[in-house]
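Notes to accompany the following structure.
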Protein chains: 2
Amino acid sequence: MGTFPFHRHAAMPRTTPHRATILQVAREAGVSKTSVSRYFSDERARLSRDMQSRIASAARRLSYHPNQMARGLKGGRSQLIGMLVADIRNPFSVAVMHGVEQACRERGFSLLVCNTDNDPAQEREHLALLASYRVEGLVINAAGQPSRELRALAAQGTPLVLLDRMLSDFEADVVGLDNTQTIDMALDHLRQQGYDNVLYLSEPVAQASSRQARLKHFEQRLADDPTLRGEAHSLALAEDNRLQDVIAGFLSQASGSAPAILCGNGNVTLAVAHALQARGARLGEIGLLGIDELEWCNLVGPGITTLAQPTDAIGRAAVHNLLQRLEEPQRQAPPKRTHYQARLILRGSTCRPNTPDQYDSVSQERP
Amino acid sequence: MGTFPFHRHAAMPRTTPHRATILQVAREAGVSKTSVSRYFSDERARLSRDMQSRIASAARRLSYHPNQMARGLKGGRSQLIGMLVADIRNPFSVAVMHGVEQACRERGFSLLVCNTDNDPAQEREHLALLASYRVEGLVINAAGQPSRELRALAAQGTPLVLLDRMLSDFEADVVGLDNTQTIDMALDHLRQQGYDNVLYLSEPVAQASSRQARLKHFEQRLADDPTLRGEAHSLALAEDNRLQDVIAGFLSQASGSAPAILCGNGNVTLAVAHALQARGARLGEIGLLGIDELEWCNLVGPGITTLAQPTDAIGRAAVHNLLQRLEEPQRQAPPKRTHYQARLILRGSTCRPNTPDQYDSVSQERP
DNA sequence: TTGTAAGCGTTATCAA
DNA sequence: TTGATAACGCTTACAA
């Protein structure tokens, strides 16, 4: 695929589905195109009763739907928001997407979703595509460096909102978690539960600013607090053995302490849960706290304590910011950071066995 | 929202992002619109070397992207496939969607995804929307009766593929699981493991043909095989107590037998896992087998045995069927049923404790 | 209140 | 191998 991947697919001869046009409706109703157009716009009120009903029934008879392509072409408004998702099979991404979609619909926009599977090439391809559909704004949850395509879009004035991660050397609104505070909540909770030796595990930090922020603040806390032991690792989850090794290494040095593992996101939590199960470890004895809530967290052992992100709010905020920029005459407002608080969901994995059973895994949970 | 929900959103005065048009590129390159158009179509080869490079660099300088809206308007080809998803937070739906999206991209189409949250009103609204974008085909995984909108789309000749469920009184291609065979696999496996008393649990059967088919075949098997005890229930999972009651009722009558629960889909598996945990039941002692594989299935107790659907293949097949119809001159080919086999993933939840431990929960698993 | 006509960015049909 | 021009279905001045 070349730089401009815009070849159409090899021509397919085919009969186009027959769809009524505004002209046909106009004829059927015995009125002008303009009136029909008005009927389907926000000027409907300016039509006479009679006209309205004639158009309505004609349109219904022909099951007419205004062609958004033509509308978008004429008015420059596609009514489309694009969303780039790094991994559509990640429950967190889907949950945010749900919020994005709802907000879009409420505001009269539709959502064009593209999944990049964390592949920069796909990301570029999709961005070109979204540009070609003239999306009016873009919600981006993507991997890697900002591509040429993304910069071009931004330069053209397409409003952009980044989810969860900033991009280096790239100005745009960002919506996500308050990473510093989240790490604080996590460590405060673990301390309070009696854990004094914490392993922080993250997916590769690379270009993902939120992962960087979490990792950095974790290390900061470690440095600031002499009574807290711990270490941090960032690793690719695909290398299964690596994770086992890291955990084994951590635990082997943990004698005499109360060890806990803090997972940087839902993927890590899943992988760590597998790893701990493979070791036959008992949750609680080894503390486990995951960032991101997952539907199965209270099914595993005594339940896994999590810090839930307000995914719906994040998605909605992204759209909100987008539309705000869209409405602004001057687009030059400085990039806006919207940060949300995580919510602690207490379960058994952060209850030390010898501690009085302060947190019952079921009753304390507020879903 | 009226019958024709096509009002545009209240006008927002705004500066449109500046995007280059074909005319600007033509001028910049000192050639005609037509040549530029050809460059970006499959006629590129017919342009001279010189012309090609001039257009390429002009386009790059202006970061030009052909306007799909205009293309779609002119040629009637939107290059868009629509997908209606009943519940986007359902991992099964997302997995299928992933396959759909990949197949679309490979064939040069983009995917417009609409989530209905199982709401018929939203379904109708989204269908109208998809129609207005002139999607060339529709992949539908939706609840309820075929709506007027859906019938209209079908009548206009838009190719449709139904996922997982047929719609009563509505002809269309269907892609999904071989429900009969899946139930057979499930029961054969449970029998073989020594379970002789099976509770089948399904979400409400209502309009979902696949749920009906599974339930019906389960009852058939029960009727055919006098050595097999069991019962079937279809219930809404939201009513949490109902599920507990059904399970309690089943187990209270199960003394002297080896009871197992068969879950009709992933949602049911999740709910049942919760319910069994709340009862303090031990998996395996009570057998548990779920249709649909979920990422957390081997984390719960001894692991939950599942029958995995080939989600990717299902998604791809849906697109394949769609495009096939699109290419056919005569669209009247009879509806096509594409059925896939489930794959059994053995884990501890279908290992009876007193049985020799034939299936080790980890090593038998092929992910 | 209604209608006429121009034009949005592209491709298709011709002609050169 | 190239280019001029007429659509595509719609909205939007501007007229009536």
Side-chain angles (χ1 to χ4, degrees), chain A residues 4 6-9 11-13 16-55 59 62 64-79 131-134, chain B residues 4 6-9 11-13 16-55 59 62 64-79 131-134:
Chain A
F4 292 97
F6 290 105
H7 314 275
R8 301 183 99 183
H9 192 249
M12 302 180 190
T16 313
H18 178 69
R19 308 212 239 225
T21 74
I22 202 172
L23 184 59
Q24 292 171 302
V25 176
R27 282 211 252 268
E28 174 86 8
V31 302
S32 76
K33 282 180 0 175
T34 313
S35 296
V36 179
S37 171
R38 287 197 176 111
Y39 181 85
F40 289 104
S41 76
D42 42 8
E43 294 180 281
R44 180 183 301 188
R46 291 161 69 167
L47 298 177
S48 67
R49 273 247 157 280
D50 178 51
M51 174 127 303
Q52 289 194 32
S53 65
R54 287 164 71 188
I55 295 175
L62 301 174
Y64 165 75
H65 296 252
N67 184 329
Q68 268 300 135
M69 299 279 164
R71 280 186 157 174
L73 181 53
K74 178 59 184 161
R77 308 267 285 101
S78 66
Q79 303 284 120
S132 78
Y133 279 102
R134 298 299 188 261
Chain B
F4 292 96
F6 290 104
H7 314 273
R8 301 184 97 183
H9 193 248
M12 301 181 188
T16 312
H18 179 69
R19 309 211 239 225
T21 74
I22 202 172
L23 184 59
Q24 293 172 301
V25 176
R27 283 210 252 269
E28 174 87 8
V31 301
S32 75
K33 285 185 342 180
T34 313
S35 296
V36 179
S37 171
R38 287 199 175 107
Y39 181 85
F40 288 104
S41 77
D42 42 7
E43 295 180 279
R44 180 183 300 187
R46 292 163 67 167
L47 298 176
S48 67
R49 273 250 155 279
D50 178 51
M51 174 127 302
Q52 288 194 33
S53 65
R54 288 164 70 189
I55 295 175
L62 301 174
Y64 165 75
H65 295 253
N67 185 330
Q68 270 299 135
M69 298 279 162
R71 281 186 156 175
L73 180 54
K74 177 60 184 159
R77 307 266 287 100
S78 65
Q79 303 284 119
S132 77
Y133 279 102
R134 299 298 186 261

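Note that these values count all heavy atoms, side chains included, but never hydrogens, waters or copies made by symmetry. Residue numbering restarts at 1 for every chain, and letters A, B, ... go by the order of the sequence lines.
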Measuring from A:Tyr133:OH to B:Gln79:CD, what's the distance to the nearest 0.5 Å? 6.0 Å
For B:Glu43, give me all partners under side-chain contact (heavy atoms from CB on, under 4.5 Å), at least two apart in sequence or on another chain. B:Arg38, B:Ser41, B:Arg46
Which whole-number value in Å describes the distance from A:Leu73 CG to C:dT11 P? 12 Å
Nearest whole Å is fine: how far is C:dG9 P from B:Gln79 CD? 20 Å
Which angle, to the nearest 10 degrees, lies between the helix axes at the two ends of the helix from C:dT1-D:dA16 to C:dA16-D:dT1, each defined by five pairs? 30°
Determine yes or no for a side-chain-to-main-chain donor-acceptor pair under 3.5 angstrom, with A:Gln24 supplying the side chain and A:Thr21 the backbone. yes
Could you measure the distance from the CE atom of B:Met69 to the CG atom of A:Leu73? Nearest 0.5 Å is fine. 9.0 Å
Which whole-number value in Å describes the distance from B:Phe40 CZ to C:dT10 P? 9 Å
A:Tyr64 side-chain N/O to D:dC10 phosphate OP1/OP2 under 4.0 Å: yes
Considering every strand and a 4.0 Å limit on heavy-atom distances, what is the contact class for A:Thr21: base, sugar-phosphate, or nothing? sugar-phosphate
What integer distance in Å separates B:Leu23:CG from D:dT5:P? 13 Å
What are the two closest heavy atoms between B:Ser53 and B:Asp50, and how far apart are they? OG-O, 2.9 Å
Atom CZ of A:Arg134 and atom P of C:dG9: how far apart are they, to the nearest Å? 8 Å
Would you kindly give the CE-to-C1' distance between A:Met69 and C:dT10, to the nearest whole Å? 13 Å
In this structure, how many angstroms lie between the P atom of C:dG9 and the CZ atom of A:Arg71, rounded? 18 Å
Is any side-chain heavy atom of B:Arg19 less than 4.5 Å from a side-chain heavy atom of B:His65? no
Whole-Å distance, B:Ile22 CD1 to C:dA12 C1', equals 12 Å
Given that B:Ala45 and A:Asn67 both sit by DNA chain D, which one's nearest nucleotide is further toward the 5' end? B:Ala45
About how many Å separate CD1 of A:Ile55 and CD1 of A:Ile22, when rounded to the nearest 0.5 Å? 8.5 Å
When rounded to the nearest 0.5 angstrom, what distance separates CZ in A:Arg77 from CZ in A:Arg71? 11.0 Å
Do the side chain of A:Gln68 and the main chain of B:Ser132 share a donor and acceptor less than 3.5 angstrom apart? no
So which protein nitrogen or oxygen atoms get under 3.5 Å of nucleotides 2-5 of chain C's nitrogens or oxygens?
unit_1	atom_1	unit_2	atom_2	d
C:dT2	OP1	A:Ser48	OG	2.7
C:dT2	OP2	A:Ser48	N	2.7
C:dT2	OP2	A:Ser48	OG	3.3
C:dG3	OP2	A:Ser32	N	3.1
C:dG3	OP2	A:Ser32	OG	3.1
C:dG3	OP2	A:Ser35	OG	2.9
C:dG3	N7	A:Arg38	NH1	3.4
C:dG3	O6	A:Arg38	NH2	2.6
C:dT4	O4	A:Thr34	OG1	2.6

